[in-house]
Amino acid sequence: MVIKTDELPAAAPADNAREHGSQAGGKGRPNAADLPSVMLLNGDCSENLKKEEGTSEPPRENGLDEGEPGDETTGQEVIVIQDTGFSVKILAPGIEPFSLQVSPQEMVQEIHQVLMDREDTCHRTCFSLHLDGNMLDHFSELRSVEGLQEGSGLRVVEEPYTVREARIHVRHVRDLLKSLDPSDAFNGVDCNSLSFLSVFTDGDLGDSGKRKKGLEMDPIDCTPPEYILPGSRERPLCPLQPQNRDWKPLQCLKVLTMSGWNPPPGNRKMHGDLMYLFVITAEDRQVSITASTRGFYLNQSTAYHFNPKPASPRFLSHSLVELLNQISPTFKKNFAVLQKKRVQRHPFERIATPFQVYSWTAPQAEHAMDCVRAEDAYTSRLGYEEHIPGQTRDWNEELQTTRELPRKNLPERLLRERAIFKVHSDFTAAATRGAMAVIDGNVMAINPSEETKMQMFIWNNIFFSLGFDVRDHYKDFGGDVAAYVAPTNDLNGVRTYNAVDVEGLYTLGTVVVDYRGYRVTAQSIIPGILERDQEQSVIYGSIDFGKTVVSHPRYLELLERTSRPLKILRHRVLNDRDEEVELCSSVECKGIIGNDGRHYILDLLRTFPPDLNFLPVPGEELPEECSRAGFPRTHRHKLCCLRQELVDAFVEHRYLLFMKLAALQLMQQKASKVETTTSLENGDLPSSAETKSEDSIGPEAGCEEEEGSSVSGLAKVKELAETIASDDGTVDPRSREVIRNACKAVGSISSTAFDIRFNPDIFSPGVRFPESCQDEVRDQKQLLKDAAAFLLSCQIPGLVKDCTEYAVLPMDGATLAEVMRQRGINMRYLGKVLDLVLRSPARDQLDHIYKIGIGELITRSAKHIFKTYLQGVELSGLSAAISHFLNCFLSSYPNPVAHLPADELLSKKRNKRRKNRPPGAADNTAWAVMTPQELWKNICHEAKNYFDFTLECDSVDQAVETYGLQKITLLREISLKTGIQILLKEYSFDSRHKPAFTEEDVLNIFPVVKHVNPKASDAFHFFQSGQAKVQQGFLKEGCELINEALNLFNNVYGAMHVEICACLRLLARLHYIMGDYAEALSNQQKAVLMSERVMGIEHPNTIQEYMHLALYCFASSQLSTALSLLYRARYLMLLVFGEDHPEMALLDNNIGLVLHGVMEYDLSLRFLENALAVTTKYHGPKALKVALSHHLVARVYESKAEFRSALQHEKEGYTIYKTQLGEDHEKTKESSEYLKCLTQQAVALQRTMNEIYRNGSSANIPPLKFTAPSMTSVLEQLNVINGILFIPLSQKDLENLKAEVARRHQLQEANRNRDKAEEPMAPEPEPEPERAAEDVGSPQTA
């Protein structure tokens, strides 16, 4: 399915004929009926849906509150998209007519795609569709075709080939032959990626109706492999990628390649020859094939003799597949089987992902001949150029045109977002290939005479530059180090301005690629920029960091619109002639008007204010919180800035403070009489308010009034602030004064309304401000100091608190980084976070965070060293150098020796050093002398230097010993961070006799790519509204909204995207709660597949998805599948982190319960007791979770009739309930009932035993009743631990809860009445739906 953008004109938003056929796997597209309009386009992915579902606080569209689409309006708008589908009959040559479900929005081209994917028509590519003898235009929508209606017959008519069509046909046949072969996924090409779910579910889960597995208790083998059991020290790597049965594909042909006789000579061209192919069939017959305008036939050429005449059998076939069927029986048999298997796979295993996902391990693969791959590598295939008129794509034009599309209503916005997204994902792919070509030395520089570091490149209309400090541009900022970080800062700026999306302001397409130790920035090219000098073209900003500065009224007007959402202050600076220039961005943000008349901004590396904790400024004191923590620290470069998330959090925090201060003053005014007002006017209170604000920048800022009164006070302030802002004369002066004081106290730039903005040029070396602005500059400096202090005193402690309360549960380095970044904490603060964890009173409960943090610190430090290490390695020594580095980093072997590449071949004469060396390469063998001691010394030095954290280890074994790390985890982390791919095999890291890695173990090195992720805004609003509804307990409405969001996401992103994954997971959970297990299974299966494909097969998110799927499988009585899914999840968690993680307790409880259900008691106890130990460690021995864990263990002992142990555990649980909840709580009562029951059973057993002792074998023994646990009771417990439960609350709790809910949702009172009817949607009617729904958000609640 490579011919994606088949014949789209360059500018047409290529929505890539959504691979919808694939979605149905040849079964007549079942899904088309449910989603009439949502066509699965080829979408794209990254960054998690900003937060886990639980917290549905939007990453507020940077303050541009477009207002949520109100339910009424969206209702109507959405209808536009959902035209109902209808079915048409397809009449194709050689097969029975069949009907196909289509939708009026589809293009004719999309029916083509479906036919090219169906099992019985997949071998055709060159055909047109005719209705009543008239040919349909490829690009027309079905609704515009006259006479097309329900039941119309479309005839498939074979068209003559052209060279292009013949190539497309051969490529398509090759794709069909390779469709089950995973090598593209292992090699990271064409947006293929891995998925292993089907290995564990034996095919599709949807068939559960037909085979109720395990319900009759057929003996299932439940014993997991040894390495999955609790306490196992073994962490094998091979099970990560189990061998899929379908991967040893049936061989249809031995060879299919282009013939050496191409292209046809002139006289043959005039006979209609287009090209020649060479084939060796599975029976070893060698044949030469001519592709002509009429189709394919055998010719009489051999390898050394050209004879284009037809050979016998003289069979002309329009399809290459039909011809091969004729000449090779094996091909005929195997091709049919292959296609059958291909269409049985789940479509999500086959659809391309929007951005490439790379695998860090791969099995040894044999390298097979492949003509298309070979041709692709050596022709100038730049993206999909051969499908587009005019060869290369004008990326800049495409990126900007899509932004200019109209966006007034929902259908327009969807079309626009889809186009933006598609172009972005294509641009990212092209930029990545170009960057690799640049570093591999395959692109000619545009300034070849300069030294390699300085060179710049243009390839495929993309401009590439290297991350080195060219011409001392960054001399004052840290030289090469600054030049290395500037591109990522710039990318963040581009991302931000794109998100604000101001009409008329344009940014460049930007992708940052790290590959082989180099950083390459790829940018689209501003029209005309290459023809003129930079000095002439910059009409806004500065090209020399603030010496010469210019401004432009149109730019000021455009940037002014971004200033509010981005919190950027419009300010004045002095240029070298001491003239004042007004700017609304940092000085180095440049404005250039392209030849296309568009206003571009570039160099956005200082969009956000500087981080003063890492920018020592002589003569400036930081607040006490900073100096206490040892700041300011000198960093390697001076481009450290605060993250956008931090700026937003800080402003939010200040807003709360502002409201509280104003409320406090209003109350004081009210309480006191005239005398206070006089003192107020004399300015006593403001000063006290100010001191208050200074002190209260700590975590608990503001005044803690008794709640009731302060709430009403805040409401008053809000009203007051709004009236004053609307400049209404009715407000009395004292109230104005209150607002003014509060504004002043929190540092607002306006005195009538709350408005905080930052001046990004403060503390910029070389930027000077006019005298008249000194006050403003002073205030801005203070604001920056406060923000730096806020990060240390609020955000980092807040993060640690969230980790202590398990509100966030990072499982590996990437998820920890994600959690830090969501709170606006840069990774350079990792050392500080770890210090705080160490000093925390709950140190033991943060053990997992500490381990992940230390691992992240070590691998990041190693990555910094690896980067410079790789720059000195030439291509021929790459695998030797990487394996040597990994040995020094992870192997216990004390003195690994590097193999220099010269060993393999002797060259006649040592050629002189070529001039065109890779950038920065000095002595090419310097890397070979590195030793493990030296590397670990450097890692510790780097950790101290960069993260300010002291590591206590001088070798990998010491690190593992001291910090409880796993070598396999470190290997995974370093590989993901640097792009290394290693061979899938068991490595003996701990051997002291031979190094763990040889150069054969390093298979590849991939690029690490950073890019912008365009968002689907409408879909996201729907998703959030749906989450909000669910959390209020309106499951049905929530479900509808989220379904709608799914439709819109599909419309924008195509079928595959992280956000769609979150949508599917939530839908599955809702269906499960509402008792529809089949729907839950189908949605969750898609979520797992998608998570594997777009996030990675062992990403923590994938592990979570596996656990949810196992629960739904168990509920649908697929017990053995549920177990194998849970075992898979446990294996992945052991690999990614290890056993000692709070999430492991949940997983082990799940496994233990399922095993209990299938009466594997001893095995069940191993998992449950491990869960008990982990829960006790992380939640403390008195926690309710521990009580529950005790109860689960007791139940298994009861089933084993070991009543003493059962009683012991249940007593522990009972004690916890009694102390935590009191005698009268239901949980305590339940537990005491259970204790009684156990005691009776124990007594009965004892009696029977005594009877036996007394009377010997003749004793008359009543049969003992040992009951296997019922499936429903096991499922109930599973629901409890997974937090999906209508928790039976006591009456009192219910009252409180109801009051709380009523208070929270007064606004929705009207809706509430309407919804009452639907409330008993839950499986168990008596509990309270609101509560259940609140738990839907996060799996950790129980």
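The figures here come from the full heavy-atom set of this structure, side chains too, leaving out hydrogens, waters and symmetry mates.
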Roughly how far apart are [X] [atom1] and [Y] [atom2], rounded to 0.5 Å?
X: Glu620; Y: Leu615; atom1: CD; atom2: CG; result: 10.5 Å
X: Cys794; Y: Leu646; atom1: SG; atom2: CG; result: 10.0 Å
X: Leu642; Y: Asp648; atom1: CG; atom2: CG; result: 11.5 Å
X: Cys626; Y: Leu612; atom1: SG; atom2: CG; result: 8.0 Å
X: Ile749; Y: Lys567; atom1: CD1; atom2: NZ; result: 11.5 Å
X: Phe769; Y: Glu776; atom1: CZ; atom2: CD; result: 8.5 Å

(message) Applying side chain to side chain contact (heavy atoms under 4.5 Å, CB included) to Leu602 and Leu508, what does each step give before you reach the verdict?
(response) CA-CA 7 Å; Leu602 53 157; Leu508 301 184; 4.2 Å; yes

(request) Quickly, which of Gln780, Arg768, His571 forms a side chain to side chain contact (heavy atoms under 4.5 Å, CB included) with Asp761? Name it, please. (result) His571

(message) Testing Cys589, Pro760, Ser563 one by one against Cys584 for a side chain to side chain contact (heavy atoms under 4.5 Å, CB included), which residue passes?
(response)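 Single pass found, and it is Ser563.
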
What I'd like to find out is whether the side chain of [X] reaches to under 4.5 Å of the side chain of [Y], using heavy atoms alone.
X: Asn826; Y: Leu791; value: yes
X: Arg407; Y: Asp501; value: yes
X: Asp786; Y: Phe650; value: yes
X: Ile739; Y: Thr752; value: no
X: Arg403; Y: Asn498; value: yes
X: Ile601; Y: Thr507; value: yes
X: His599; Y: Leu558; value: yes
X: Gln668; Y: Leu666; value: no

Closest non-hydrogen atom pair between [X] and [Y], with its separation:
X: Val550; Y: Val538; value: CG2-O, 3.9 Å
X: Asn613; Y: Tyr829; value: ND2-OH, 2.9 Å
X: Thr607; Y: Ile568; value: O-CD1, 3.7 Å
X: Asp490; Y: Leu604; value: OD1-N, 2.7 Å
X: Val833; Y: Ile796; value: CG2-CG2, 4.0 Å
X: Ala486; Y: Leu605; value: O-CB, 3.9 Å

(request) Before giving the answer on salt bridge (Lys or Arg N to Asp or Glu O under 4.0 Å), spell out for Arg561 and Glu503 the whole-Å C-alpha distance, their side-chain angles and the decisive distance to 0.1 Å. (result) CA-CA 10 Å; Arg561 286 194 236 156; Glu503 244 171 284; over 6 Å; no

(message) Test side chain to side chain contact (heavy atoms under 4.5 Å, CB included) on Leu799 and Met820; report intermediate values, then the result.
(response) CA-CA 7 Å; Leu799 169 71; Met820 285 175 63; 3.8 Å; yes

(message) Run Tyr506 and Glu404 through side-chain hydrogen bond (donor to acceptor under 3.5 Å, both in side chains) and show every step you take.
(response) CA-CA 10 Å; Tyr506 296 90; Glu404 288 165 348; 2.6 Å; yes

Could you tell me whether [X] and [Y] make a salt bridge, using a distance below 4.0 angstrom between a side-chain N and a carboxylate O?
X: Glu1059; Y: Lys1015; result: yes
X: Lys547; Y: Asp544; result: no
X: Asp779; Y: Lys781; result: no
X: Lys801; Y: Glu805; result: yes
X: Asp611; Y: Arg643; result: no
X: Arg554; Y: Glu557; result: yes
X: Arg821; Y: Glu818; result: no
X: Glu580; Y: Arg572; result: yes

(message) Before you tell me yes or no, could you show the steps for Ser585 and Tyr555 under side-chain hydrogen bond (donor to acceptor under 3.5 Å, both in side chains), namely the whole-Å CA-CA distance, both residues' side-chain angles and the distance that decides it to 0.1 Å?
(response) CA-CA 10 Å; Ser585 64; Tyr555 269 105; over 6 Å; no

(request) Dump the intermediate steps for side chain to side chain contact (heavy atoms under 4.5 Å, CB included) on Leu505 and Thr562, then the final yes or no. (result) CA-CA 10 Å; Leu505 190 62; Thr562 66; 4.0 Å; yes

Is there a donor-acceptor contact under 3.5 Å from the side chain of [X] to the main chain of [Y]?
X: Thr402; Y: Gln400; result: no
X: Glu417; Y: Ser1017; result: yes
X: Asp1018; Y: Leu410; result: no
X: Lys408; Y: Pro406; result: no
X: Ser748; Y: Asp755; result: yes

(request) Enumerate the residue pairs fulfilling ring-ring contact (aromatic ring centres under 6.0 Å, His included) with a member in residues 736-756, sequence neighbours excluded, ordered by first and then second residue. (result)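 Checked against ring-ring contact (aromatic ring centres under 6.0 Å, His included) - neighbours excluded - the pairs reaching residues 736-756 are Tyr655-Phe754, Phe658-Phe754.
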
(request) Check step by step if salt bridge (Lys or Arg N to Asp or Glu O under 4.0 Å) holds for Arg823 and Glu645. (result) CA-CA 6 Å; Arg823 285 157 184 70; Glu645 296 90 339; over 6 Å; no

(message) Test salt bridge (Lys or Arg N to Asp or Glu O under 4.0 Å) on Glu737 and Arg740; report intermediate values, then the result.
(response) CA-CA 5 Å; Glu737 182 72 15; Arg740 187 176 311 131; 3.1 Å; yes

(request) Could you walk me through whether Ile592 and Ile539 pass side chain to side chain contact (heavy atoms under 4.5 Å, CB included), step by step? (result) CA-CA 6 Å; Ile592 297 180; Ile539 59 162; over 6 Å; no

(request) Please confirm whether His635 and Phe614 have ring centers closer than 6.0 angstrom. (result) yes

(message) Ring centroids only, cut at 6.0 angstrom: are Phe608 and Phe758 within range, meaning strictly under it?
(response)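 No, too far apart.
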
(request) Could you give me the CA-CA distance, side-chain angles and deciding distance for Asn492 and Arg495, then say whether side-chain hydrogen bond (donor to acceptor under 3.5 Å, both in side chains) is met? (result) CA-CA 5 Å; Asn492 288 334; Arg495 182 177 292 141; 2.9 Å; yes

(request) Assess whether atom CD of Glu621 is packed by more than 12 heavy atoms of other residues, nucleotides or ligands within 6.0 Å. (result)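 No, because the 6.0 Å sphere around CD of Glu621 holds 12 heavy atoms or fewer from other groups.
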
